[in-house]
Amino acid sequence: MGENIYDESMKRKQEILLCDLDAFFASVEQRDNPELRGKPVIVGGSPEGRGVVSTCSYETRKYGVRSAMPMKKALTLCPQAVVLRGRMSRYKEMSLQVREIFLQHTPDIEIVSIDEAYLALPEGKGLIIGEAIHHQVRDKLALPISVGVSANKLLAKIACELAKPDRVGALWPEEVPKKLWPLPIRTLPGIGPAAEQALRCRGIKTVKNLADAPPHTLKNLFGKNANTIRQFALGLDSRELQPEQEAKSISEEITFPEDISDRQIMTAVILELSEGVGYRLRSAGLTARTITLKLRYKDFRTITRGKTVTDSMNSDAEIYHLAHELFQRHGGKPPWRLVGVQASGLEHGYQMTIDAAAPSAQKEKLLLETKDMLREKFGGAVLFQGKRLVKKKKSDR
């Protein structure tokens, strides 16, 4: 392999930071309630239904609990955990305070999620600003945050993962052979359990093995994504920061810790994702004309199927109706490893239809307003439909 492959990456004009608030929801709960500090905390849905873990504290993770894990399994692994329903309005408030700290250092920010963001800084400033942000978030907000610094988004993300929890770390392109290549292949984004198993069967266990793998091997495994995976293994990433703009779509998705074959579970998850999309649309004063369902299968094949309607919408029921219809038509053969629901074709305000004045429409409007109020106060996990409940066996009654 050529020794000059990193020359262009070394000629950096800017440095990239990935700032990731550690176990964010759980950390906010521990911050606000000192009695929870040092204890295993899980924030998520109801263990009585098909609730999943949204976030768990590091005290809980040592028992094997992870995000997106079914709550029942999480409590089997860590029965002493304190389970809390989320307080999304509080998490948003704290996220905005963290963002204000970011803006003190740079306007070039790409918001990835409520607890994660990329920042662009002039060359030579990354580590200095990274340390400053780390101290400010800890001292002013009493929250743990990990910061990764590098010349591109990929290496910044890996540096952040290696620095966790609550530290600052760097991984530069010239350090890839020494620091990245010996690491296991799961270190790279996009390599999940199924891909890892397939690669290991071919003797590919480290990032270096992956970088040296024959192109046809990667093509067979990853299809059109093969070149991207190889570039990542080399520590190369040409993606630019995407500064925050007016939203063109709103989406919710989940990657399952284990592939799902049960259509009833998928239906329940699609319902929950649809409600999340509806809530975010209404919170932003938006409606949507197009609903898209995203599915990823065991072999990493991913499909998106959408449907556009005449009247824009933002009700949970309408979004779920379309998403579920798309799943019935295009769900294909299980198992599934990811599902997502997206709303696009966004418009400001609510488009009144003839039926909107009907008593049933007014009743639904009042119900949605009540649900949104409860979500703001207690978080999304406080509400769940009967469809999500696990049907008890007669012997359990």
Side-chain angles (χ1 to χ4, degrees), residues 1-10 16 18 20 61 64 66-69 112 116 118 146 148-164 169-239 253-261 294-304 332-340:
M1 188 173 297
E3 296 181 0
N4 296 322
I5 195 167
Y6 304 105
D7 286 354
E8 289 303 315
S9 296
M10 293 179 190
I16 304 297
L18 178 63
D20 189 358
R61 296 182 189 190
R66 295 291 182 269
S67 298
M69 177 180 287
V112 179
E116 191 175 8
Y118 286 104
S146 296
V149 186
S150 191
N152 62 47
K153 293 170 74 172
L154 168 75
L155 294 181
K157 181 173 181 61
I158 294 173
C160 185
E161 291 299 318
L162 295 176
K164 285 182 176 290
L171 176 59
W172 304 110
E174 59 267 28
E175 297 177 313
V176 164
K178 182 179 179 180
K179 292 187 176 181
L180 177 61
W181 282 354
L183 297 176
I185 50 179
R186 281 291 294 275
T187 304
L188 294 180
I191 305 295
E196 179 186 29
Q197 182 178 1
L199 288 166
R200 283 184 170 275
C201 288
R202 292 163 173 79
I204 301 172
K205 300 179 181 180
T206 67
V207 178
K208 178 65 161 64
N209 296 153
L210 189 58
D212 291 340
H216 66 84
T217 298
L218 299 183
K219 181 70 174 177
N220 291 338
L221 286 171
F222 300 105
K224 64 181 181 180
N225 296 319
N227 186 59
T228 299
I229 292 295
R230 184 173 184 276
Q231 292 291 301
F232 280 6
L234 294 171
L236 302 175
D237 183 5
S238 60
R239 293 175 298 165
E253 68 178 44
I254 184 170
T255 299
F256 301 112
E258 298 175 359
D259 293 345
I260 300 295
S261 297
K294 177 180 177 181
L295 293 170
R296 181 168 297 152
Y297 298 89
K298 183 178 181 179
D299 60 0
F300 282 85
R301 181 172 57 91
T302 304
I303 67 166
T304 55
K333 184 178 179 181
W336 303 276
R337 71 185 318 267
L338 175 149
V339 61

Chemist: Please report the closest heavy-atom contact between Ile204 and Ala213, naming both atoms and the distance.
Modeler: CD1-CB, 3.8 Å

Chemist: Please report the closest heavy-atom contact between Lys164 and Ser146, naming both atoms and the distance.
Modeler: CG-OG, 3.4 Å

Chemist: Specify the closest pair of heavy atoms between Ala233 and Val207, including all atoms of both residues, with the distance to one decimal.
Modeler: O-CG1, 3.5 Å

Chemist: Return the CD1 to CG distance between Ile229 and Leu234, rounded to the nearest 0.5 Å.
Modeler: 11.5 Å

Chemist: State the NZ-CG distance between Lys178 and Leu171, to the nearest 0.5 angstrom.
Modeler: 12.0 Å

Chemist: Any idea which heavy atoms bring Ser150 and Ala156 closest together, and the distance?
Modeler: CB-N, 3.6 Å

Chemist: Can you tell me how far apart OG1 (Thr187) and CG (Leu180) are? Round to the nearest 0.5 Å.
Modeler: 7.0 Å

Chemist: Under a 4.5 Å cut-off applied to non-hydrogen side-chain atoms, are Pro193 and Arg337 in contact?
Modeler: yes

Chemist: Considering non-hydrogen atoms only, spot the tightest contact between Lys157 and Leu18 and give its length.
Modeler: CA-CD2, 3.4 Å

Chemist: Quick one, Trp181 and Thr206 - any side-chain contact, counting heavy atoms below 4.5 Å?
Modeler: no

Chemist: Are the side chains of Arg230 and Leu236 in touch, meaning some heavy atoms are under 4.5 Å apart?
Modeler: no

Chemist: Taking the side chain as every heavy atom from C-beta outward, state whether Val176 and Leu155 have any atom pair closer than 4.5 Å.
Modeler: yes

Chemist: Please determine, by modelled atom types, if Asn220 and Thr217 share a side-chain donor-acceptor pair under 3.5 angstrom.
Modeler: no

Chemist: Residues two or more places apart in sequence or in another chain: which of them pass side-chain hydrogen bond (donor to acceptor under 3.5 Å, both in side chains) with Arg66?
Modeler: none

Chemist: Using 0.5 Å steps for rounding, measure from the CG atom of Leu162 to the NZ atom of Lys179.
Modeler: 9.0 Å

Chemist: Sequence neighbours left out, what passes side-chain hydrogen bond (donor to acceptor under 3.5 Å, both in side chains) with Arg186? Give chain and number order.
Modeler: Glu196

Chemist: Can you check whether Pro189 reaches Leu154 side chain to side chain, under 4.5 Å on heavy atoms?
Modeler: yes

Chemist: Please report the interatomic distance OG1(Thr255) to CH2(Trp336), rounded to the nearest 0.5 Å.
Modeler: 15.5 Å

Chemist: Check for a donor-acceptor pair, side chain of Asp237 on one end and backbone N or O of Asn152 on the other, with a separation under 3.5 Å.
Modeler: no

Chemist: State, yes or no, whether a side-chain contact exists between Ile303 and Tyr297 at a heavy-atom distance under 4.5 Å.
Modeler: yes

Chemist: As an exercise, state the distance from CG of Leu199 to NZ of Lys205, rounded to the nearest 0.5 Å.
Modeler: 12.0 Å

Chemist: Are Ile158 and Leu188 side-chain neighbours, meaning at least one heavy-atom pair lies under 4.5 Å?
Modeler: yes

Chemist: Using every non-hydrogen atom in the two residues, find where Ala159 and Ala170 come nearest and quote the distance to one decimal.
Modeler: CB-C, 4.0 Å

Chemist: I'd like to check the side-chain hydrogen bond (donor to acceptor under 3.5 Å, both in side chains) partners of Ser261; sequence neighbours left out, ordered by chain and number.
Modeler: none

